Number of protein chains: 2
Amino acid sequence: MQDIDIFSKDCPTRFNLSVISGKWGLLIILALADRSLRFSELVRTIGGISERMASQTLKYLERCGVVRRRVVQHAKPPQVYYELTPLGRQFVAPLSQLVEIANRNVDALIYHHD
Amino acid sequence: MQDIDIFSKDCPTRFNLSVISGKWGLLIILALADRSLRFSELVRTIGGISERMASQTLKYLERCGVVRRRVVQHAKPPQVYYELTPLGRQFVAPLSQLVEIANRNVDALIYHHD
DNA sequence: CTGAATCCCTACCGATACTG
DNA sequence: CAGTATCGGTAGGGATTCAG
């Protein structure tokens, strides 16, 4: 714990938070919160996401150790499941809280023009 | 509350979360968590942020009702303080939790190449 | 001190088409 | 079904300069 300062320019934690700073990371993590999903299920679940971004973001989250990819062998057509790792699961609670806050204040939070 | 579905394509909440999805929003909110800061204090606090992005992001957060701008009159040179609104303060707790998780797992979370 | 203005670049992202 | 490949637009962001 000790010397980590998120306000420091080169703080690795700052980079780590990029798992949710993108457009889709947060949504994917929450989509997988309850149960593992197949690729196409995930795409259908998250309205507006393209297959390209689903694939790309999943790969990124996997590389960060947040998501695990599980292939069901001998299945035709192939089945690939995605699920949160224990590490990824830790993010669910605070992210859910953020969403709740945003929901509660959905009227106040709107961008006020001029 | 009721019908808000974050997985729906046009969910306003999804947009609202853009206050933290950028590169600087989360850091600014946490920097202002303890006390209000002047513009240059904020820039110095958050390592690596440019004046341009500080100004731009603050304006954005202000428009969203998360940050309030307070000008001290009759001060020369001018003093401008930024502070969280009650709405903004709600985000502090979950965001702190995210940072803590990222800190705890700073080694595991690193992007794994190949 | 507190920004606004400009320039420019890149990374992100959407759309579409294609593959095993 | 589960992706990859390619193309191109756009918004995010850095560097620098200027202004009240």
Side-chain angles (χ1 to χ4, degrees), chain A residues 7 9-10 14-15 17-28 31-32 36-64 67-83 111 113-114, chain B residues 7-11 14-29 31-32 36-64 67-83 111 113-114:
Chain A
F7 296 121
K9 188 178 184 309
D10 300 317
R14 196 188 283 190
F15 166 79
L17 289 169
S18 62
V19 296
I20 59 140
S21 76
K23 188 172 182 179
W24 301 112
L26 179 147
L27 290 172
I28 287 184
L32 296 176
S36 65
L37 292 175
R38 298 178 57 177
F39 181 79
S40 55
E41 287 178 313
L42 189 79
V43 171
R44 274 192 304 271
T45 299
I46 302 179
I49 198 172
S50 63
E51 294 182 353
R52 183 184 183 279
M53 289 315 297
S55 169
Q56 186 173 302
T57 308
L58 280 169
K59 196 177 294 179
Y60 179 73
L61 293 178
E62 192 188 357
R63 270 150 150 30
C64 288
V67 160
R68 177 164 33 228
R69 191 182 120 106
R70 194 162 43 81
V71 180
V72 176
Q73 302 290 0
H74 306 306
K76 247 184 352 181
Q79 299 186 354
V80 181
Y81 287 87
Y82 290 94
E83 60 195 2
Y111 182 87
H113 302 273
D114 295 345
Chain B
F7 297 120
S8 161
K9 189 178 182 313
D10 300 317
C11 175
R14 196 187 284 191
F15 167 79
N16 290 343
L17 289 170
S18 62
V19 296
I20 57 140
S21 76
K23 186 173 183 180
W24 302 112
L26 178 147
L27 290 172
I28 288 184
I29 291 177
L32 296 175
S36 64
L37 291 176
R38 296 179 58 181
F39 182 78
S40 54
E41 286 178 314
L42 189 78
V43 170
R44 273 193 304 272
T45 300
I46 302 179
I49 196 172
S50 64
E51 294 182 354
R52 183 186 183 278
M53 289 315 296
S55 170
Q56 185 174 302
T57 308
L58 280 169
K59 194 179 295 178
Y60 179 74
L61 294 178
E62 193 188 357
R63 270 152 149 33
C64 288
V67 160
R68 177 162 35 227
R69 190 181 124 106
R70 194 162 42 81
V71 179
V72 175
Q73 303 290 358
H74 306 306
K76 248 186 346 184
Q79 298 186 354
V80 182
Y81 287 87
Y82 291 93
E83 59 195 5
Y111 182 88
H113 303 272
D114 292 347

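Below, chain A is the first sequence line, B the second, and so on; all start at residue 1. Keep in mind that this is a model prediction, so the values were computed, not measured.
- A heavy atom closer than 4.0 Å to some atom of DNA chain C occurs in B:Arg38, B:Phe39, B:Ser40, these being the qualifying members of residues 36-45 of chain B.
- With sequence neighbours left out, the side chain to side chain contact (heavy atoms under 4.5 Å, CB included) criterion links A:Arg69 to A:Glu62, A:Val71, A:Val80, A:Tyr82.
- Scored by the side chain to side chain contact (heavy atoms under 4.5 Å, CB included) test, B:Thr57 finds B:Trp24, B:Ile28, B:Met53, B:Leu61 as partners (sequence neighbours excluded).
- Here B:Glu41 pairs with B:Arg35, B:Leu37, B:Arg38, B:Arg44 under the side chain to side chain contact (heavy atoms under 4.5 Å, CB included) rule; sequence neighbours left out.
- Annotation: salt bridge (Lys or Arg N to Asp or Glu O under 4.0 Å) contacts of B:Glu51 (sequence neighbours excluded): none.
- Closest heavy-atom contact between B:Ser21 and A:Gly22: CB-O, 4.1 Å.
- The CD-P distance, from B:Gln73 to C:dT2, rounds to 14 Å in whole Å.
- Two end axes, each from the C1' atoms of five base pairs, can be drawn for the helix from C:dC1-D:dG20 to C:dG20-D:dC1; they diverge by 50°, to 10 degrees.
- Here the straight-line distance linking atom CD1 of A:Ile49 with atom CZ of B:Phe7 works out to 10.5 Å at 0.5 Å rounding.
- Considering only residues two or more places apart in sequence or on other chains, A:Arg52 meets the salt bridge (Lys or Arg N to Asp or Glu O under 4.0 Å) condition with none of them.
- Applying the side chain to side chain donor-acceptor pair (under 3.5 Å) test to B:Tyr60 and every residue at least two apart in sequence or in another chain returns B:Ser18.
- The CD1 atom of B:Ile20 lies 11.0 Å from the CG atom of B:Leu27; values are rounded to the nearest 0.5 Å.
- Heavy atoms of B:Tyr60 sit nowhere under 4.0 angstrom from any nucleic acid atom.
- Put simply, CZ on B:Arg69 is 12 Å from C1' on C:dC1, counting in whole angstrom units.
- Contacts of B:Tyr81 with the nucleic acid, taken as non-hydrogen atoms under 4.0 Å apart, are absent.
- Contact detail for A:Ser36 and A:Glu83: the closest heavy-atom pair is CB-CB, 3.6 Å.
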**Prompt:** When every nucleotide of nucleotides 4-20 of chain C is labelled 5' to 3' by its protein contacts under 4.0 Å (heavy atoms), B for base, S for sugar-phosphate only, - for none, what sequence of letters results?
**Reply:** S-BB-----BBB-----

